[in-house]
There are 2 protein chains.
Amino acid sequence: MDFSVQIREKGLKVTPARLSVIEVLSEGNQAFAHAELEKIFDTMDRVTLYRILNDFEYVGLVHKIVDAEGITRFALCKKSCPDKHHTDDHVHFNCQICHKMFCLDKVHEPQINLPNGFKAERLQTLIYGLCNSCNAA
Amino acid sequence: MDFSVQIREKGLKVTPARLSVIEVLSEGNQAFAHAELEKIFDTMDRVTLYRILNDFEYVGLVHKIVDAEGITRFALCKKSCPDKHHTDDHVHFNCQICHKMFCLDKVHEPQINLPNGFKAERLQTLIYGLCNSCNAA
DNA sequence: CCTATCTTTGCAACAAAGTTGCGTTTAGAT
DNA sequence: ATCTAAACGCAACTTTGTTGCAAAGATAGG
Ligand SMILES: [Mn+2]
Ligand SMILES: [Mn+2]
Ligand SMILES: [Zn+2]
Ligand SMILES: [Zn+2]
């Protein structure tokens with residue numbers, strides 16, 4: 001897949017830094033923590049990485065997930081999301097062994113009955129446990 | 001309710017600082033961010049507050065919730081939880097207007113079907129929207 | 001009630017995570 | 001090839017959370 005087109009379509013300039021980030025994010029179906037990405041792009045400035053990820057999130061190329069420990073991770077959006085209003089309403093899964101965070105695209109957010117007066121706008125489900133490959137071992 | 005007993009039962013010493021923290025946490029059905037508590041206890045040392053909250057969480061007096069923006073909040077456990085293994089499996093609700101975080105004790109975590117091989121251990125549901133009092137206005 | 005002991009607190013210093021300002025470099029339009 | 005707005009690198013700063021240590025406080029036993 002050609003990421004240059006997607007980046008340019010979102011109104012961002014195509015740069016080597018942005019291309020390499022989006023390429024890594026496209027590997028597997030995972031969300032990457034900032035620290036992991038910093039290690040991968042050890043020559044890239046920390047601030048640049050922050051800005052690339054935030055810009056990508058802003059234009060709808062990636063979405064952000066914060067786990068229960070407060071670690072922020074970024075994952076590529078499958079279907080292109082309209083700006084600022086992400087439509088990735090899927091469940092996220094965090095493996096306790098390999099610590100990878102998976103986007104379960106096919107598992108949709110559940111419907112939940114709220115107490116009287118409360119109105120849901122957005123829902124976020126995070127599941128902790130064993131991923132398929134760690135479960136096998 | 002006498003919080004001294006609960007604190008002592010968990011093997012912690014009863015101090016003015018701990019009593020005042022647990023008292024504030026018992027107001028409403030809300031989870032408080034560290035920053036909010038710091039403002040309330042403006043004379044208390046920041047580190048002391050961190051230690052009180054972490055100790056309370058460790059012994060099972062409070063539970064911690066991290067929202068989608070990465071803000072950590074603390075809420076009193078209703079039924080006393082066994083150490084380190086919290087049984088508060090209820091849904092949390094974050095109001096977009098008043099920014100309060102509510103513990104919806106009566107709304108239990110949903111059951112979710114995972115892809116083959118994945119095994120759920122713990123589940124966390126966070127809902128964003130309008131709380132009952134903000135919805136009325 | 002007093003003392004001894006272990007816990008908790010406050011302060012200072014540090015670490016990790018994220019942001020802002022600014023000068024330089026670069027993408028890409030003309 | 002030139003020009004300009006966007007992106008980058010660097011330094012400084014903020015916010016959030018942790019650690020070490022000495023002083024103060026809680027409580028059990030005498
Ligand atoms: Mn995802
Ligand atoms: Mn709760
Ligand atoms: Zn795994
Ligand atoms: Zn509200």
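Owing to the predicted nature of the structure, the values given are computational and were not obtained by experimental measurement.
Smallest separation of non-hydrogen atoms from A:Leu123 and A:Pro110: CD1-O, 3.8 Å. Taking every heavy atom of both residues into account, A:Met101 and A:Asp67 meet most closely at CE-CB, 3.8 Å.
Here B:Arg73 contributes atom CZ and B:Leu53 contributes atom CG; the two are 13.5 Å apart, rounded to the nearest 0.5 Å. Distance CD1/A:Ile112 to OG1/A:Thr125: 6.0 Å, rounded to 0.5 Å.
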Listing, residues 15-34 of chain B side-chain donor-acceptor contacts under 3.5 Å, not counting sequence neighbours, or none:
from, atom 1, to, atom 2, distance (Å)
B:Thr15, OG1, B:Arg18, N, 3.2
B:Arg18, NH1, B:Lys13, O, 2.8
B:Ser20, OG, B:Pro16, O, 3.1
B:Ser20, OG, B:Ala17, O, 2.8
B:Ser26, OG, B:Glu23, O, 2.6
B:Asn29, OD1, B:Lys78, NZ, 2.4
B:Asn29, ND2, B:Cys103, O, 3.0
B:Asn29, ND2, B:Asp105, OD2, 2.6
B:His34, ND1, B:Glu38, OE2, 3.1

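Bounding nucleotides for the chain B contact on DNA chain C, 5' to 3', at a heavy-atom distance below 4.0 Å, are C:dC6 to C:dA12.
In this structure, A:Leu12 and A:Val59 have side chains that are in contact, with non-hydrogen atoms separated by less than 4.5 Å. The shortest side-chain heavy-atom distance between B:His92 and B:His63 falls under the 4.5 Å cut-off. Looking at B:Thr48 and B:Phe41, their side chains never come closer than 4.5 Å, going by heavy atoms from C-beta outward. Within the 4.5 Å cutoff, the side chain of A:Arg122 has no heavy atoms near those of the B:Leu126 side chain. A:Asn54 places a side-chain heavy atom less than 4.5 Å from the side chain of A:Phe74.
In the helix from C:dC1-D:dG30 to C:dT30-D:dA1, the end axes, each obtained as the rotation axis mapping the C1' atoms of four pairs onto the next four within a five-pair block, lie 30° apart to the nearest 10 degrees.
For the contact set between residues 33-51 of chain A and DNA chain C, defined by any heavy atom under 4.0 Å, the members are A:Arg46, A:Val47, A:Tyr50, A:Arg51.
Taking only side-chain nitrogens and oxygens, B:Asn54 comes nearer than 4.0 Å to OP1 or OP2 of D:dT18.
Other residues, nucleotides and ligands place no more than 12 heavy atoms under 6.0 Å from the CG atom of A:Asn116.
In summary, the aromatic rings of B:Phe93 and A:Phe118 are positioned with their centroids under 6.0 Å apart.
For A:Glu121, the side-chain contact (heavy atoms from CB on, under 4.5 Å) criterion is met by A:Lys119, B:Gln96, not counting sequence neighbours.
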Please encode protein proximity along nucleotides 23-30 of chain D as a string of B, S and -, counting only heavy-atom distances under 4.0 Å.
---BS---
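Across the interface with DNA chain D, nearest-nucleotide mapping of A:Arg18 and B:Ile71 shows A:Arg18 to be the residue nearer the 5′ end.
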